[in-house]
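No experiment lies behind these values; they were computed from the predicted model shown. Scope of the values below: all heavy atoms of this structure, side chains included, with no hydrogens, waters or symmetry mates. Labels below follow one simple rule: chain letters A, B, ... track the order of the sequence lines, proteins then strands, and each chain is numbered from 1.
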There are 2 protein chains.
Amino acid sequence: MTAQTRGLHSRVLESLGPAITAGEYPPGSVLRTDELAKRFEVSRSVMREAVRVLESMHLVSSRRRVGVTVLPTEEWNVYDPQVIRWRLAGADRARQLRSLTVLRSAVEPVAAGLAARHATAAQCAELTECALGMVAHSRGHQLEGYLKYDVAFHRAILNASGNEMFARLGDVVAEVLTGRTAHQVMFEDPDPPAVSLHVQVAEAVREGDAARAEALTRQIALGALEELDILAP
Amino acid sequence: MTAQTRGLHSRVLESLGPAITAGEYPPGSVLRTDELAKRFEVSRSVMREAVRVLESMHLVSSRRRVGVTVLPTEEWNVYDPQVIRWRLAGADRARQLRSLTVLRSAVEPVAAGLAARHATAAQCAELTECALGMVAHSRGHQLEGYLKYDVAFHRAILNASGNEMFARLGDVVAEVLTGRTAHQVMFEDPDPPAVSLHVQVAEAVREGDAARAEALTRQIALGALEELDILAP
DNA sequence: CGTGAACAATAAGTCAGACTTTTATGTCAC
DNA sequence: GTGACATAAAAGTCTGACTTATTGTTCACG
């Protein structure tokens with residue numbers, strides 16, 4: 001969950017990265033490596049390595065005689081897990097959560113359909129276990145336990161899809177679900193129909209019914225979108 | 001399209017990155033910075049910066065007293081545009097194209113639905129223009145021109161969706177479409193029905209018919225999946 | 001014979017300083 | 001105003017010395 005803070009260079013990154021993604025340095029701002037090195041009290045070598053990493057994320061662009069220029073948002077590698085973490089920790093957390101939820105709503109149904117085709121017996125078992133865990137924690141304010149199984153369920157679906165790109169969205173989904181529980185209106189127990197949908201998805205996958213798994217997951221996704229009021233014009 | 005080769009450090013990266021993603025150094029392989037620096041005939045500082053970037057992509061992990069260890073595929077930042085390019089240039093190009101096509105098939109229909117809700121007049125105009133360009137180049141072996149408009153069309157859809165995560169997949173889609181035309185069985189002119197679907201999507205978006213735009217785009221996506229035989233058990 | 005604590009070897013990490021190269025900008029002649 | 005040219009500023013590169021964490025070995029002791 002938390003970032004690796006190994007190395008002096010990482011500490012600089014964990015300070016400068018969030019500052020940039022938070023918009024503290026508006027696009028077009030120019031920084032100088034020497035000045036940054038002095039500010040963070042590190043050598044130029046360390047600072048240069050940090051800048052190189054930021055450059056590989058397309059957050060900044062380093063050019064001779066100019067300096068380190070902050071790039072506009074459209075250039076950023078918004079799929080970089082570190083960038084996602086930094087943005088979720090920053091000011092436009094809400095915007096980011098909405099954006100990621102839309103992505104989820106697109107990907108997860110298709111992933112569920114693929115899972116129904118490709119899931120192994122072990123993966124089906126895990127899926128069922130997660131769904132049952134959700135049911136068991138769906139009443140009596142056991143939100144923490146519920147969340148754990150919810151995250152595991154969606155991770156399992158993405159992994160069982162057999163698609164590498166989908167599987168790698170597991171962390172993103174986990175982040176969104178956690179953020180939803182923590183920040184959103186999740187004082188109450190989850191809606192029984194929503195829980196039931198998860199159980200049915202597990203069933204559909206186990207039976208190899210791709211169309212049903214996809215449709216049911218689309219229902220779940222719709223619920224997530226509605227929670228954030230993403231649909232009204 | 002092509003990578004920025006500015007800087008000695010980038011040249012090293014463009015050589016070592018593809019080698020790793022191609023599996024020349026199997027997961028668990030250990031490299032030493034000094035040795036690499038000697039091999040590429042650069043100073044340690046330059047080599048260190050390159051390694052830092054590879055580390056930020058989670059291709060390798062650098063640890064004291066151990067060296068630079070190549071990480072397993074599951075750890076890689078597979079959404080990093082540079083990693084995608086490297087893998088598309090390597091041996092498992094086919095696998096990668098299939099994987100990305102599945103991602104497309106999940107994302108684009110939803111993006112089209114959102115575009116129907118949010119597209120501006122200018123975006124609708126561009127979309128229509130692209131569709132007409134496709135029609136104009138759909139006969140008489142004008143594959144190059146057709147591809148240009150095809151890429152522009154899908155880019156426009158993703159941009160018009162108003163979702164940042166979708167918009168940033170424009171380059172990926174462009175890569176997949178280009179790869180499809182270059183490598184796949186695209187000697188013949190594109191199927192008239194496929195071309196027609198694009199025109200209808202543009203129409204649906206213009207009319208604000210989200211459901212129809214989504215359904216039509218799902219048809220297009222289905223075609224792309226069928227081309228690569230992704231559906232048979 | 002196993003266990004653990006001290007130790008040595010190793011490779012990354014850090015720093016400082018000197019030098020090179022690119023390139024934006026200002027200057028001057030025409 | 002336009003071009004060529006000089007200037008300076010910042011990143012880029014290299015080198016060497018030093019620090020630190022970590023692994024693996026060795027050796028003493030139970």
Any Lys/Arg nitrogen of A:Glu164 or B:Arg87 sitting under 4.0 Å from an Asp/Glu carboxylate oxygen of the other?
yes

Would you kindly give the CZ-to-P distance between B:Arg11 and D:dG12, to the nearest whole Å?
14 Å

Whole-Å distance, B:Asp34 CG to C:dA11 P, equals 8 Å

Scan nucleotides 22-24 of chain C against the protein and return all N/O pairs shorter than 3.5 Å with their distances rounded to 0.1 Å.
residue : atom : partner : partner atom : Å
C:dA24  : OP1  : A:Arg63 : NH2          : 2.8

Spacing between A:Leu31 atom CG and D:dA9 atom C1', to the nearest angstrom
16 Å

Should A:Lys38 and A:Glu35 count as an ion pair when the cut-off is N to O under 4.0 Å?
no

Taking only N and O in the side chain of A:Ser45, is any of them less than 4.0 Å away from OP1 or OP2 of C:dT14?
no

Could you give the CD-to-C1' distance, from B:Glu41 to D:dC14, as a whole number of Å?
14 Å

Residue pair A:Arg206 / A:Thr128, side-chain donor-acceptor N/O under 3.5 Å
yes

Please determine whether a side-chain nitrogen of the Lys or Arg among A:Asp150 and A:Arg180 lies less than 4.0 Å from a carboxylate oxygen of the Asp or Glu.
yes

Both A:Arg44 and A:Glu49 contact DNA chain C. Taking the nearest nucleotide for each, which residue is further toward the 5' end?
A:Glu49

Considering just the side-chain nitrogens and oxygens of B:Arg32, establish if one lies under 4.0 Å of OP1 or OP2 belonging to C:dA12.
no

Rounded to whole Å, how long is the line connecting atom CG of B:Leu8 with atom P of C:dC19?
20 Å

What's the CZ-P distance between B:Arg48 and D:dT13, to the nearest Å?
15 Å

Pairs involving residues 60-92 of chain A, ordered by first then second residue, that meet ring-ring contact (aromatic ring centres under 6.0 Å, His included) (sequence neighbours left out):
A:Tyr79-B:Tyr79

To the nearest Å, how far apart are A:His9 NE2 and C:dC15 P?
13 Å

C:dA16, OP1 or OP2 - any side-chain N/O from A:Ser43 closer than 4.0 Å?
no

Quiz item: B:Arg52 side-chain donor-acceptor pair to C:dG13 base, under 3.5 Å:
no

Base, sugar-phosphate, or nothing: which does B:Ser62 touch, judged by heavy atoms less than 4.0 Å apart?
sugar-phosphate

Can you measure B:Glu35 atom CD to C:dT10 atom C1' for me and round it to whole angstrom units?
14 Å

For residues 59-77 of chain B, which residue pairs pass the salt bridge (Lys or Arg N to Asp or Glu O under 4.0 Å) check, not counting sequence neighbours?
none

A:Glu126 side, atom CD; A:Phe153 side, atom CZ - distance, nearest 0.5 Å:
10.5 Å

